[in-house]
Protein chains: 2
Amino acid sequence: MTNKPQFTPEVLKLANVAKALSHPVRIFILQKLSKMNSCCYSGDLVDELPIGRSTLSQHLKELKYSGLIQGEINPPYIKYCINRKNWEEAKLLFTSFLNEDNAEEISCVINDTIRYK
Amino acid sequence: MTNKPQFTPEVLKLANVAKALSHPVRIFILQKLSKMNSCCYSGDLVDELPIGRSTLSQHLKELKYSGLIQGEINPPYIKYCINRKNWEEAKLLFTSFLNEDNAEEISCVINDTIRYK
DNA sequence: AAAACATTTCGTAATTTTGCGAAATATAAA
DNA sequence: TTTATATTTCGCAAAATTACGAAATGTTTT
């Protein structure tokens, strides 16, 4: 009879982002792509990573699925870039999670603008 | 022939912390414990989570293994608290990773317009 | 049209993760 | 000493993750 509680959407989102970041290959890719105006091709990345092409492709697929990156088809290449909107959202989520212990200033986002109370 | 590169210790550490955070149960626990002076008993947590006791115990074990929490034996209870030192280190690692995009651009795309139409 | 190229998808295998209930451990209370 | 309590460990099963090479897809170049 004791109803088991559900996770809040925020907790679920955080866990999903963390899962996307939970492999060295994916950390490496995001570290690269998150830098300003940086985009990459799968073929460039594979030379910098200790994995094969098809495995890299799977990691890129996962990052795409998580929304953190996007692939722009530019035949016969695919140009991968960070998805700025989702990346910023993930950053915000994580930053507030990591600083919940010492937050004294409350911030909120309205219409994509960060406002401080 | 082409020597495959290794991951830097920083990338490996980040991936490990992210893995520790990659499950809603573990996010929930850390969210709780990271608040100032907050500690919990396994029995308190299980009522707030949609999993059984033995499963919770496994998640706690994993968080302990990752170094983010610690368990103080307080018979017959075990009091779980954040490991402040490691938590702060993880926060620092993550914060700088998430804000690397403000750093200098390193792009692997050169002469995009010339090479690709 | 054929060959070369960039990348993904498929099929498969090994390993890890997640979850549960039962049993074990260890202490406290009766 | 028996019983109750708090928690973990064990044994198991289902599902997910990671990795690879081969084959497939689609685009250029020759």
Side-chain angles (χ1 to χ4, degrees), chain A residues 2 4-7 11-12 15-29 33 39-66 68-81, chain B residues 2 4-7 11-12 15-29 33 39-66 68-81 108-117:
Chain A
T2 43
K4 278 297 192 178
Q6 293 292 106
F7 293 111
V11 166
L12 292 173
N16 270 322
V17 176
K19 200 167 139 199
L21 305 180
S22 71
H23 192 285
V25 165
R26 298 194 295 266
I27 289 278
F28 181 92
I29 294 169
L33 296 190
C39 290
C40 274
Y41 297 95
S42 180
D44 300 325
L45 284 169
V46 83
D47 296 327
E48 307 180 60
L49 289 168
I51 52 166
R53 279 160 206 286
S54 60
T55 306
L56 172 58
S57 198
Q58 276 183 187
H59 285 295
L60 288 168
K61 191 179 173 184
E62 235 178 292
L63 285 173
K64 247 189 305 181
Y65 178 75
S66 79
L68 293 176
I69 71 168
Q70 59 198 42
E72 186 190 313
I73 293 168
N74 200 345
Y77 302 91
I78 298 175
K79 189 163 89 174
Y80 285 102
C81 305
Chain B
T2 45
K4 278 296 191 176
Q6 294 291 105
F7 293 111
V11 166
L12 292 174
N16 269 324
V17 176
K19 200 167 139 200
L21 305 180
S22 70
H23 192 286
V25 165
R26 299 194 293 266
I27 289 278
F28 181 91
I29 294 168
L33 297 189
C39 290
C40 273
Y41 297 94
S42 180
D44 300 326
L45 284 167
V46 83
D47 296 327
E48 308 179 60
L49 290 167
I51 52 166
R53 280 163 205 283
S54 60
T55 306
L56 172 58
S57 196
Q58 276 185 188
H59 285 295
L60 288 168
K61 191 178 173 184
E62 234 178 294
L63 285 173
K64 247 189 305 182
Y65 178 75
S66 79
L68 294 176
I69 72 170
Q70 59 198 43
E72 186 189 314
I73 294 168
N74 200 345
Y77 301 91
I78 297 175
K79 189 163 88 174
Y80 285 102
C81 306
C108 61
V109 177
I110 302 163
N111 291 337
D112 189 47
T113 37
I114 292 169
R115 255 174 94 194
Y116 310 111
K117 178 166 117 199

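In the text below, chain A, chain B and the rest are named by the order of the sequence lines, each starting its count at 1.
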**Study point:** Side chain A/Ser57, main chain A/Ser54, donor-acceptor under 3.5 Å
**Key:** no
**Study point:** For B/Tyr77, ring-ring contact (aromatic ring centres under 6.0 Å, His included) partners two or more places apart
**Key:** B/Tyr41
Exercise for review: Identify, with sequence neighbours excluded, every residue that meets side-chain hydrogen bond (donor to acceptor under 3.5 Å, both in side chains) alongside A/His23.
Suggested key: none
Exercise for review: Please identify each residue that fulfils side-chain hydrogen bond (donor to acceptor under 3.5 Å, both in side chains) with A/Gln58, with sequence neighbours left out.
Suggested key: none
Looking for any heavy atom pair under 4.0 Å, which part of the strands does [X] touch: base, sugar-phosphate only, or nothing?
{"X": "B/Leu56", "result": "nothing"}
{"X": "A/Glu62", "result": "sugar-phosphate"}
{"X": "B/Ser42", "result": "sugar-phosphate"}
{"X": "B/Lys19", "result": "sugar-phosphate"}

Revision key, fill the gap. DNA chain D: first to last nucleotide in contact with chain B (atom under 4.0 angstrom from a heavy atom), 5' to 3', is D/dA6 to D/dT9
For [X], check side chain to side chain contact (heavy atoms under 4.5 Å, CB included) against everything at least two apart and list the hits.
{"X": "B/Lys64", "answer": "B/Ile69, B/Tyr80"}
{"X": "B/Thr55", "answer": "B/Ile51, B/His59"}
{"X": "A/Phe7", "answer": "A/Val11, A/Leu12, B/Pro24, B/Val25, B/Phe28, B/Leu49, B/Pro50"}

Study note, to complete from the structure: DNA chain C: first to last nucleotide in contact with chain A (atom under 4.0 angstrom from a heavy atom), 5' to 3', is C/dA6 to C/dT9
Exercise for review: Starting from the 5' end of DNA chain C, give me the residue, A/Ile78 or A/Gln58, whose nearest nucleotide shows up first.
Suggested key: A/Ile78
Check your understanding: With sequence neighbours excluded, what pairs up with B/Cys39 under the disulfide (SG to SG under 2.5 Å) test?
Key -> B/Cys81
